[in-house]
Amino acid sequence: MSWLLRLPLFVLLIGLAAAAMLVPAMHAYVVRDLEVARAFFYSAVVGFALFGLLGITTASFNVRRQARSHLISMMACFSVLPLYLALPFAEVVRDTHFLNAYVEMVSCITTTGLTLFEAERLPDSLHLWRALVGWLGGFFIWVAAIAVLAPLSLGGFEVDSSSSAGQGSAAATATDGSQVDASARILRYATRFAPVYALITGALWVALLIAGETSLVAVSHAMSTIATSGISPLDGGTTEAVSGYRGEAIVWLFFIFALSRVTFSVTERRDGWHSIVQDPEVRVGVVLIAVLPVLLYVRHGLVTFEDGAIFTLSEGIASLWGGFFTVASFLTTTGFVSSAWTATQTWSGLDNPGILLMGLAIFGGGVATTAGGVKLLRVYALYKHGLREMERLVQPSSIGGAGQRARRFRRQGAYVAWIFFMLFATSIAAITVLLALAGLSFDEALVVATATLSTTGPLVNVAMENPIPVSQWDPTIKAVSSAAMVLGRLETLVIIALLNPEFWR
């Protein structure tokens with residue numbers, strides 16, 4: 001395995017992508033869709049040939065700055081690799097431009113889930129390919145966040161780190177005191193997390209099958225839930241699923257893995273399973289998931305009853321469940337919508353709660369999870385800082401206490417979190433302006449900018465009164481949206497670290 005560590009990360013990703021194409025190729029062969037099977041198989045052969053040539057060429061390369069190399073590889077994974085991933089897609093769907101296939105693959109690998117195609121237009125093997133690419137993209141984020149971004153104090157780790165953002169070391173200290181470089185860390189965490197990732201996905205897949213879901217929809221929704229991509233072979237996602245409320249309840253339970261890394265990483269649970277209860281990201285996520293649906297439910301008594309409307313008890317329970325599921329889904333940037341969400345809107349009396357869903361998507365999930373957005377740890381840091389400032393208004397000479405780590409978290413952590421919030425807001429404004437100049441209305445541009453930067457593609461279908469006609473976009477809008485998805489997945493601080501001259505010396 002030592003020769004693998006000498007290869008650039010992007011070359012390894014090409015080989016893995018080629019191997020992944022054999023899965024939909026075999027699926028298409030089993031269902032006797034031979035044309036689709038040939039498209040994936042030939043693309044896999046091309047990928048293996050490219051991997052071999054690039055592997056031979058770069059095997060003797062000496063990567064001196066591994067941190068810089070891996071950050072560049074991460075950017076290439078989300079922006080350049082989709083060019084190869086789109087080959088079988090464009091070959092199967094021949095009545096579309098290659099740009100559409102590229103945008104679709106960028107959306108999948110960044111776990112955004114923004115689709116340009118109606119479900120009935122694509123064969124089952126392509127739906128499987130979309131879900132698989134999103135699932136692999138989510139796993140790549142899992143591994144890269146721990147192995148690359150954490151040592152560099154990026155990706156949310158800068159909030160709780162003593163190092164400045166982007167100024168950490170590319171190597172980390174092993175248990176024996178030796179230095180472990182980024183390549184070794186990637187291999188180690190990939191082999192450690194792969195069984196966990198597959199086991200969680202397999203458990204959800206089996207549970208959905210038991211709930212009565214069809215096989216393709218079950219595996220697609222299982223992979224999309226764990227990767228928080230929101231990709232579905234159905235136009236309506238979970239709203240059209242056969243399993244109904246049972247399937248939604250099962251999916252809802254697995255949203256916990258997008259709230260915090262302590263739910264799947266044993267090394268993060270210093271106090272055992274009790275660490276999950278104490279984790280600040282889990283607490284913030286649970287509070288949001290529990291409080292917001294209840295507020296929507298209570299609003300019915302304050303507004304709707306005044307209009308003389310009468311609803312049954314079953315409608316009230318359905319509306320409450322629709323709020324719980326949809327709020328959790330958009331907080332984790334998955335984007336699945338409950339089949340009872342319409343009842344929730346009617347019960348609450350809100351014509352269009354799209355702003356609520358956009359705000360939840362911006363909050364996002366946990367650090368080092370597959371979720372996008374600002375991340376709950378940064379939200380918690382700002383909350384603790386604000387709480388401390390209010391205490392100082394009452395008692396100016398008081399001491400915050402709770403130790404040096406907590407003080408650093410409230411000060412430097414909150415400072416960096418606020419900077420990221422401002423960068424994220426600036427990015428939304430910039431992308432909104434570009435999309436508006438490209439031809440979208442202001443409302444549509446704002447929704448699309450939020451959906452792409454928070455990697456919550458299904459927002460374009462539910463944030464406004466009517467779904468945004470994504471298939472009618474011109475090439476400029478598609479190009480800007482693709483760049484925004486890559487920026488949202490990598491985060492602004494990673495891009496700034498790459499542009500920092502000190503990082504290149």
Side-chain angles (χ1 to χ4, degrees), residues 20 23-24 26-28 30-31 108 111-113 115 119-120 122-139 142 193-259 263-264 289 317-318 320-344 365 369-371 456-458 461-462:
V23 176
M26 290 185 290
H27 176 270
V30 170
V31 299
C108 292
T111 70
T112 303
T115 181
E120 60 272 8
L122 305 178
D124 290 346
S125 299
L126 268 188
H127 285 301
L128 178 62
W129 175 236
R130 292 171 60 240
L132 181 61
V133 170
W135 187 71
L136 293 175
F139 178 70
W142 256 28
F193 284 155
V196 178
Y197 197 68
L199 180 62
I200 295 173
T201 308
L204 179 54
W205 180 18
V206 173
L208 289 176
L209 288 175
I210 295 175
E213 195 57 77
T214 59
S215 57
L216 177 64
V217 175
V219 68
S220 298
H221 286 183
M223 290 191 290
S224 300
T225 300
I226 303 304
T228 66
S229 63
I231 298 172
S232 175
L234 306 173
D235 281 326
T238 50
T239 59
E240 298 182 4
V242 178
S243 56
Y245 291 153
R246 292 174 298 176
E248 291 179 5
I250 295 171
V251 169
W252 184 76
L253 294 176
F254 282 79
F255 285 147
I256 185 66
F257 295 105
L259 294 181
T263 57
F264 57 83
I289 294 173
I317 296 175
L320 186 61
W321 167 248
F324 278 123
F325 180 87
T326 307
V327 166
S329 178
F330 279 86
L331 179 64
T332 58
T333 69
T334 304
F336 284 144
V337 179
S338 173
S339 55
W341 179 242
T342 303
T344 304
T369 65
T370 57
T456 316
N461 297 321
V462 298

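Keep in mind it's a predicted model, so treat the numbers as computed, not measured.
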OG1 of T263 to CZ of F254, rounded to nearest 0.5 Å, is 11.5 Å
Note: A318 and A340 closest approach over all heavy atoms is O-CB, 3.1 Å
Count the heavy atoms belonging to other residues, nucleotides or ligands that lie under 6.0 Å from CH2 of W205, then report whether that count exceeds 12. no
Rounded to the nearest 0.5 angstrom, the OG1-CG distance for T225 and L208 is 7.0 Å
Heavy-atom nearest pair, P233 first then S220, reads CD-CB, 3.5 Å
CZ of F255 to CZ of F336, rounded to nearest 0.5 Å, is 7.0 Å
Scanning both residues in full, the closest heavy-atom pair of A20 with L136 reads CB-CD1, 3.6 Å
Between A227 and G138 the two heavy atoms that sit nearest each other are CB-CA, 4.3 Å
Residues A258 and A371: closest non-hydrogen pair is O-CB, 3.9 Å
task: Given side-chain contact (heavy atoms from CB on, under 4.5 Å), test L128 with L216 step by step and report yes or no.
output: CA-CA 7 Å; L128 178 62; L216 177 64; 4.2 Å; yes
Here the gap from T115 atom OG1 to R130 atom CZ, rounded to the nearest 0.5 Å, amounts to 4.0 Å
* Derivation and outcome, side-chain contact (heavy atoms from CB on, under 4.5 Å), residues V31 and D124 -> CA-CA 9 Å; V31 299; D124 290 346; over 6 Å; no
One should read off an interatomic distance between W252 CH2 and I289 CD1, to the nearest 0.5 angstrom, of 7.0 Å
Side-chain (S232) to main-chain (L234) donor-acceptor, under 3.5 angstrom: yes
Requested in this report: Determine yes or no for a side-chain-to-main-chain donor-acceptor pair under 3.5 angstrom, with Y197 supplying the side chain and W135 the backbone.
Outcome: yes
ask   = Is a donor on one side and an acceptor on the other found under 3.5 Å between the side chain of E213 and the backbone of A218?
value = no
*Residue pair F264, T369: steps toward the side-chain contact (heavy atoms from CB on, under 4.5 Å) verdict*: CA-CA 9 Å; F264 57 83; T369 65; 4.1 Å; yes
Considering only heavy atoms from C-beta outward, does the side chain of L204 approach that of L253 to under 4.5 Å?
-> no
Legend entry - Exercise: do S338 and E248 side chains pair donor with acceptor under 3.5 Å: yes
- Can you tell me if T370 uses its side chain to pair, donor with acceptor, with the backbone of I226 under 3.5 Å? yes
Note: G113 and P458 closest approach over all heavy atoms is O-CD, 4.1 Å
Rounded to the nearest 0.5 Å, the OG1 atom of T214 sits from the CG atom of L209 at a distance of 8.5 Å
Original post:
For the side chain of S329 and the backbone of F325, is there at least one donor-acceptor N/O pair under 3.5 Å apart?
Top reply: no
Verdict with supporting geometry, H127 and I231, side-chain contact (heavy atoms from CB on, under 4.5 Å): CA-CA 8 Å; H127 285 301; I231 298 172; over 6 Å; no
query = For the side chain of T238 and the backbone of V337, is there at least one donor-acceptor N/O pair under 3.5 Å apart?
reply = yes
